[in-house]
Amino acid sequence: MAHVNENIKSYRGFRSITLLCLVVLYAPLVIVTIYSFNASQSITNWEGISLRWYADVFTGPESEKFKVAAFNSFTIAIIAATASTAIATLAATAMVRGGNFKLRTVSFGLISLPLMVPEIVTAVATLIFFNAIGFTRGYMTILVAHIAFCIPFAYLPISARMQGIEDSFEQAAMDLYATRRQAFTRILMPLMAPGIISGFLLAFIVSLDDFIITNFVKGAGVETLPTAIFGSVKQGIKPNIMAISTMLLSISIVMVTISYFVSKSDNTK
Amino acid sequence: MPGNKTDAIDVRNAVKRYGDFTALKRISLTIKDNEFFTLLGPSGCGKTTLLRMIAGFEDVTEGEILLYGDEIESLPPHLRPVNTVFQNYALFPHMTILDNVAFGLEMRGKTKAAARKRAGEMLELVQLSQFAARKPSQLSGGQQQRVALARALAPQPKVLLLDEPLSALDLKLRKAMQLELKHLQRETGITFIFVTHDQEEALTMSDRIAVMSAGKMQQLGSPTEIYERPRNMFVADFIGETNLLEVSVDEVRNGRAVCHLGGGHALTCNSVEGIGEGAKVHMSVRPERLFMSDVPVEAESLKGRVAENIFVGTDISTLVDLAEGPQFIVRTSNSDRGNKRIFEPGSEIFVNMELGAGRLLMD
Ligand SMILES: Nc1ncnc2c1ncn2[C@@H]1O[C@H](COP(=O)(O)OP(=O)(O)OP(=O)(O)O)[C@@H](O)[C@H]1O
Ligand SMILES: [Mg+2]
């Protein structure tokens with residue numbers, strides 16, 4: 001019998017389009033990474049491998065600025081990820097376990113809408129909001145904004161995980177004399193752990209990498225790594241920017257990889 | 001009205017509604033202390049719903065549930081001294097077998113060490129001690145089933161609820177577990193409420209059976225009562241195999257009824273309360289209480305022609321097309337072959353009822 005090959009690989013041009021996409025997506029990253037190891041002052045001439053620009057990030061003329069920015073970025077990312085993960089966990093519990101309450105669809109929409117809204121709109125809106133309530137811009141405004149926009153990112157892996165956990169486990173726990181709270185901490189939380197960790201890492205990365213919103217709500221003089229990098233780039237791209245970008249990229253890759261493997265590990269089976 | 005302290009569970013006029021769908025329509029039943037009680041009925045009749053109401057996972061729309069005389073219908077599950085063996089076992093996947101069994105004891109305030117010690121003894125009881133350190137996913141279905149049982153029994157509940165606990169097991173294992181369950185129930189003295197839609201399982205295991213259909217109680221009684229004296233069409237049809245004949249009642253006296261078939265052939269059989277003269281009802285007769293002959297031997301002999309013989313291991317089922325009625329099944333046990341005859345398909349024969357075998361049924 002003749003077999004019609006429906007495999008997408010057999011379409012003409014499939015291979016070249018795939019390659020083109022990959023090149024457009026990854027060539028800049030690869031080039032930045034390679035040139036961050038360049039010994040040359042120039043960002044285009046290759047003069048051999050060196051770690052001088054990495055040393056420059058930590059000890060060079062701009063190192064003070066980067067250190068403060070890195071401190072801000074990491075503390076904000078950790079606090080924002082923790083807070084948004086906690087909120088997202090409670091929201092997911094209510095949404096998935098709360099029965100069929102009215103406005104459930106609306107609630108889900110409200111939680112995930114920020115993912116669809118253009119970031120610039122959120123940024124402007126947040127800025128207007130802070131102005132309206134008279135919140136002086138600075139570290140705190142960045143933190144609050146980050147907690148808010150990280151929630152949907154933390155929410156998605158957590159609720160996906162939770163939907164995969166049958167409620168019979170909690171019922172069995174309560175049947176065995178556990179209070180609602182004990183059933184949550186002893187049974188549901190451990191089973192949700194992969195989703196929670198994955199949500200935390202995602203929120204962390206999103207917060208660490210955010211530029212647009214941060215740039216709007218930060219006060220004068222308060223910088224995070226992305227805004228500090230942007231500030232430097234405005235005065236011309238130096239190789240130390242490539243080094244710092246490569247470091248940020250590696251952190252992101254590590255986090256996303258961990259998040260992927262954690263969310264794939266399944267302790268409900 | 002205060003409850004009886006010696007009755008394990010007393011369900012009074014329980015109604016359960018989901019929106020405008022009524023899943024349970026005024027169920028009342030009393031389950032005695034130390035009883036192996038079975039809820040039997042086809043899929044969707046409300047068995048799980050009733051069980052979940054006793055466990056506390058569903059609230060009661062109307063009515064009361066008493067446990068040893070105390071009203072429990074408004075208590076949350078963790079305050080009811082009742083444990084459940086879930087249909088899918090619901091073993092905690094992130095805990096070892098030992099910790100699973102110890103969980104209920106710990107929640108009841110035992111120290112971790114004491115809980116584990118007792119959990120170990122429970123695992124011994126179900127012969128799974130060597131698996132104590134494993135996770136549930138590393139056990140077979142039958143083993144998981146026994147862990148679920150040990151976990152539910154460990155805190156010594158007053159009543160154990162079992163929702164079709166054997167349905168996921170293969171036939172052989174199921175038979176073995178039926179015996180084991182029965183043993184455990186005797187040994188522990190705990191009241192068991194067992195849910196199944198398998199009538200054979202219900203008949204073998206239970207002290208008493210409640211037959212349900214469409215949210216209503218159809219009959220409550222011992223296995224023998226339910227099998228030999230079904231109250232209505234539904235019970236007769238659902239429990240075991242039965243032959244049904246449409247008859248008109250001519251006379252009822254002393255629990256016996258004289259009636260006739262459509263063609264006028266007269267029959268005598270057992271009646272039930274509530275059936276009077278002139279009623280058009282069904283008569284049921286179990287296949288094993290029929291025998292065949294080439295000449296009529298009883299007043300109740302019905303003429304027919306053999307359609308098929310089906311060999312089913314321990315006995316032979318013969319399908320007979322009655323001259324004056326539907327197809328009948330006649331069951332002849334292989335051990336009875338000495339004094340009961342089997343006829344070839346196509347033979348013109350008579351189907352005879354043993355004395356008192358026929359029973360009238362309410363619709
Ligand atoms: N949460 C619910 N909402 C609406 N209807 C429900 C709900 N739970 C159960 N029902 C309905 O109530 C009826 C009884 O359900 P139940 O689960 O008690 O049946 P069952 O006798 O246990 O059946 P099975 O043998 O298939 O397990 C069914 O018709 C079912 O559709
Ligand atoms: Mg059920």
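In what follows, chains carry the letters A, B, and so on, assigned in the order in which the sequence lines appear, proteins first and then strands, with residues in each chain numbered from 1.
Side-chain contact between B:L184 and B:L125 is present, with heavy atoms from C-beta onward closer than 4.5 Å. When side chains are defined from C-beta on, B:D163 does not count as touching B:F86, because their heavy atoms never get closer than 4.5 Å.
Ranking B:L91, B:L161, B:V85 against chain A, the residue ahead of the rest is B:L91, based on heavy-atom pairs under 4.5 Å. Between chain B and the options A:R180, A:M174, A:Q171, the largest number of non-hydrogen pairs under 4.5 Å is found for A:Q171. Of the listed residues B:N88, B:L105, B:L79, the one with more heavy-atom pairs under 4.5 angstrom with chain A than any other is B:N88.
The contact between A:Q182 and chain B is made entirely by side chain atoms (from C-beta outward), counting heavy-atom distances below 4.5 Å. Heavy atoms of B:E106 lying under 4.5 Å from chain A belong exclusively to its side chain. Using a 4.5 Å cut-off between heavy atoms, B:P157 contacts chain A through both its backbone and its side chain. For A:A183, no part lies under 4.5 angstrom from a heavy atom of chain B.
Using cut-offs of 30° and 60° for the angle between ring planes, the A:F153 and A:F149 rings count as perpendicular.
A donor-acceptor contact closer than 3.5 angstrom links the side chains of A:T214 and A:H146. No donor-acceptor contact under 3.5 angstrom links the side chains of B:H197 and B:S43, judged on distance only.
Ion pair B:R80/A:D175 not flagged as a salt bridge, since none of the NZ, NE, NH1 or NH2 atoms sits closer than 4.0 Å to an Asp/Glu carboxylate oxygen.
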